[in-house]
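FYI, the numbering just counts along the sequence from 1. FYI, side chains are in, hydrogens and waters are out, and symmetry mates aren't considered; it's all heavy atoms of this structure. Just so you know, ligand 1 is whichever comes first in the structure, and atom 1 is the first atom listed for that ligand.
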Amino acid sequence: MHNSDFPTYRGHMEYVCLSCGQRYPADSLLYTCPQCGGVFLLENTDFAHLRTTDGPTWRKRFDSRAAARSTALRGIFRYYELMAPLMDEEDIVYLGEGITPIVEAAAPLRDQVGVPFAYKNDGQNPSASFKDRGMACAFSYLKWLCRRNDWEEVLTVCASTGDTSAAAALYASYVGAPLKSVVLLPHGKVTPQQLSQPLGSGATVLELPGVFDDCMKVVELLAENYRVALLNSKNSWRILGQESYAYEVAQWYNWDVDRLCLFVPVGNAGNITAIMSGFLKMYDLGIITTLPRIFGVQSSHADPVYRYYAAPEGERVWQPVDVRPSVAQAAMIGNPVSMPRVRRLAERFVEAGGERAFQVVQVTEQQIMDAMIEANRHGHIACTQGGECLAGLRNARRLGLVGDNEHAVLDATAHALKFAGFQEMYFTDAFPPAYEVQPDVRLANAPELLLPQEAREGRDVAEFARLGAEAVVKRLGLARR
Ligand code: F0G
């Protein structure tokens with residue numbers, strides 16, 4: 001439906017290579033610099049024009065869009081001018097992504113951790129992870145491109161630890177022709193729930209042995225040499241969409257992010273890149289007047305970004321790592337493609353917000369699992385990566401990095417249900433040794449069958465109800481009223 005409130009502003013977008021600085025117009029589909037192979041960020045070269053509107057006016061504008069009835073402005077494009085202001089309303093794909101709830105920690109959990117914090121439940125996106133933010137933007141852009149170019153068929157491809165493929169397949173199946181989805185997964189390294197998603201969406205699901213990093217190399221080769229549209233976060237349109245996370249956090253806290261500490265699990269490093277970029281844009285426009293602090297979190301089984309920043313400035317050497325099995329499997333990545341973006345944005349973040357504005361903390365597999373189980377026993381719906389964030393907050397507290405007067409926001413990047421298998425391993429003490437997780441047996445939980453299967457046979461409902469109730473009463477020791 002056409003909506004007269006849709007923004008009329010259009011910017012001028014360009015790809016900027018982070019290695020050689022070369023620029024390219026945004027109306028061709030590029031992933032890496034044709035000259036040097038470097039990764040891109042997208043830039044609105046007309047950004048100065050946005051500065052002619054003051055911070056309070058932007059805030060009011062975004063606040064008033066919260067009531068928009070147009071689906072185009074209902075999700076991540078509430079912040080249209082800051083993201084990808086070149087698409088038209090008809091291009092925007094909306095599946096209900098974004099504007100996810102921020103839920104304050106249950107009081108006993110908060111007291112245990114010793115500092116107030118909240119979870120932002122990005123698992124409440126349509127494909128149950130934050131990836132939908134980036135896909136909504138990337139698919140809107142693809143629609144825009146297809147319309148301009150009259151393309152007959154576009155094969156979208158991505159490598160994935162599970163969630164990117166689920167999101168890509170979902171959006172491709174919704175948009176339909178000329179888009180078709182192909183996903184490439186590391187065999188056995190994606191949970192059954194994640195695997196069911198692209199299958200259900202009708203994508204072509206291909207698997208290869210190895211880990212995500214191997215699959216990523218394969219799709220990079222494909223994207224460089226064949227006619228396919230790459231949907232990994234190497235695709236900078238994904239990054240723009242994921243910036244919406246930062247805008248939503250700022251808006252929720254009434255545009256006052258002073259004393260906020262955001263914890264973000266880092267895998268391929270697209271998410272943390274996007275979040276920093278989003279806050280920097282708001283800061284630049286005076287929409288926020290301070291920057292929050294950003295903490296990347298990595299498991300010791302996949303921690304190249306942590307290792308890089310653990311070295312003092314001037315002595316940092318980038319070194320991909322070989323990953324070991326991790327319960328934070330979606331972030332189990334040894335050679336993140338967005339590392340050059342992290343370096344660039346972290347530098348700008350620290351420049352504007354000071355030394356403590358960007359840090360990376362490390363957690364153990366044990367800490368991740370314990371934290372996820374604890375969080376969910378307190379009414380949260382954290383995936384293992386969400387558990388990783390809570391573990392990161394606990395470690396940051398222990399290291400004295402987060403003060404009593406700060407407030408943490410943890411990114412529950414996916415829904416707990418996608419990682420039910422790790423919960424099951426925890427409850428049944430079934431982790432293969434390589435994970436290095438010893439469950440706290442007091443937290444174990446299992447269903448109890450109260451009557452044998454035959455108990456239902458040959459009895460009418462009333463009789464069975466009496467029998468069943470008797471069994472429950474006995475098990476719970478219920479008193480009559
Ligand atoms: N949390 C979840 C649930 C993820 O699926 C991912 C990444 C991350 C955290 C890490 O985010 O890569 O932006 O640093 N999953 C990708 C995928 C790699 O293929 O689904 P990142």
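- Under the 3.5 Å distance criterion, the side-chain polar atoms of Asn335 are left unmatched by any main-chain donor or acceptor of Asp213.
- For ligand 1, the polar-atom distance check against Gln385 finds no nitrogen or oxygen pair separated by under 3.5 Å.
- Checked by distance only, ligand 1 and Ser129 stay at 3.5 Å or farther apart across all their nitrogen or oxygen atoms.
- Any N or O atom pair closer than 3.5 Å counts here, and Thr164 shares at least one such pair with ligand 1.
- Annotation: Phe212 places no N or O atom under 3.5 Å from an N or O atom of ligand 1; distance criterion only.
- Scanning all protein heavy atoms for the shortest distance to atom 13 (O) of ligand 1 gives Asn271 N, 2.8 Å.
- Taking every non-hydrogen atom of Ser160 and a distance limit under 4.0 Å, the qualifying atoms of ligand 1 come out as 17 (C), 19 (O), 20 (O).
- Among protein heavy atoms, the minimum distance from atom 7 (C) of ligand 1 is reached at Lys131 NZ, 3.0 Å.
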Q: Kindly determine whether Glu248 and Tyr253 satisfy side-chain hydrogen bond (donor to acceptor under 3.5 Å, both in side chains), including the steps that lead there.
A: CA-CA 9 Å; Glu248 289 175 23; Tyr253 289 100; over 6 Å; no
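- Using cut-offs of 30° and 60° for the angle between ring planes, the Trp318 and Tyr308 rings count as perpendicular.
- At under 3.5 Å, a nitrogen or oxygen of Gly267, whether backbone or side chain, sits near a nitrogen or oxygen of ligand 1.
- Considering backbone and side-chain N/O atoms, Ala330 comes within less than 3.5 Å of an N/O atom of ligand 1.
- Nearest to atom 1 (N) of ligand 1 by heavy atom, out of Thr413, Asn232, Val190, is Thr413.
- For the pair Asp163/Phe130, no side-chain contact is recorded, criterion being any heavy-atom separation below 4.5 Å from C-beta on.
- With no hydrogens or angles considered, a side-chain donor-acceptor pair links Asp122 and Thr100 at under 3.5 Å.
- With Phe62 as reference, Tyr79 is the one residue of Tyr79, Tyr247, Tyr80 to meet the ring-ring contact (aromatic ring centres under 6.0 Å, His included) rule.
- There is no side-chain donor-acceptor pair under 3.5 Å between Gln329 and Thr191.
- Shown in contact with Asp163 at under 4.0 Å from a heavy atom are these atoms of ligand 1, numbered in order with element: 2 (C), 3 (C), 4 (C), 5 (O), 20 (O).
- Only one option out of Asp258, Val257, Leu280 pairs with Leu291 in a side-chain contact (heavy atoms from CB on, under 4.5 Å); it is Leu280.
- Side-chain atoms of Gln367 and Asp370 include no donor-acceptor pair closer than 3.5 Å.
- Of the protein's heavy atoms, Phe130 CE2, 3.8 Å lies nearest to atom 8 (C) of ligand 1.
- Side-chain contact check for Ser233 and Arg238: no donor-acceptor pair (N or O, by modelled atom type) lies under 3.5 Å.
- Residue Ile333 has at least one heavy-atom neighbour below 4.0 Å for each of these atoms of ligand 1: 18 (C).
- Remark: minimum distance from atom 12 (O) of ligand 1 to any protein heavy atom is reached at Asn268 N, 2.7 Å.
- The shortest N/O to N/O separation between Ala269 and ligand 1 falls below 3.5 Å.
- Which parts of ligand 1 touch Ala414 is read off a 4.0 Å heavy-atom cut-off, strictly below it: atoms 3 (C).
- With ligand atoms numbered from 1 in the order given, ligand 1 contributes 15 (N), 16 (C), 17 (C), 18 (C), 19 (O), 20 (O) to contacts under 4.0 Å with heavy atoms of Thr161.
- Of the heavy atoms in Thr273, none comes closer than 4.0 Å to ligand 1.
- For Gln242, no heavy-atom contact with ligand 1 is shorter than 4.0 Å.
- The aromatic rings of Phe40 and Tyr15 sit tilted, their planes meeting at an angle between 30° and 60°.
- For ligand 1 and Gly270, the ligand atoms under 4.0 Å from any heavy atom of the residue are 13 (O), 14 (O), 21 (P).
- Listed for the Gln298 side chain is a donor-acceptor partner under 3.5 Å among the backbone atoms of Val266.
- Interface of Val266 with ligand 1, defined as ligand atoms under 4.0 Å from a residue heavy atom, comprises 14 (O).
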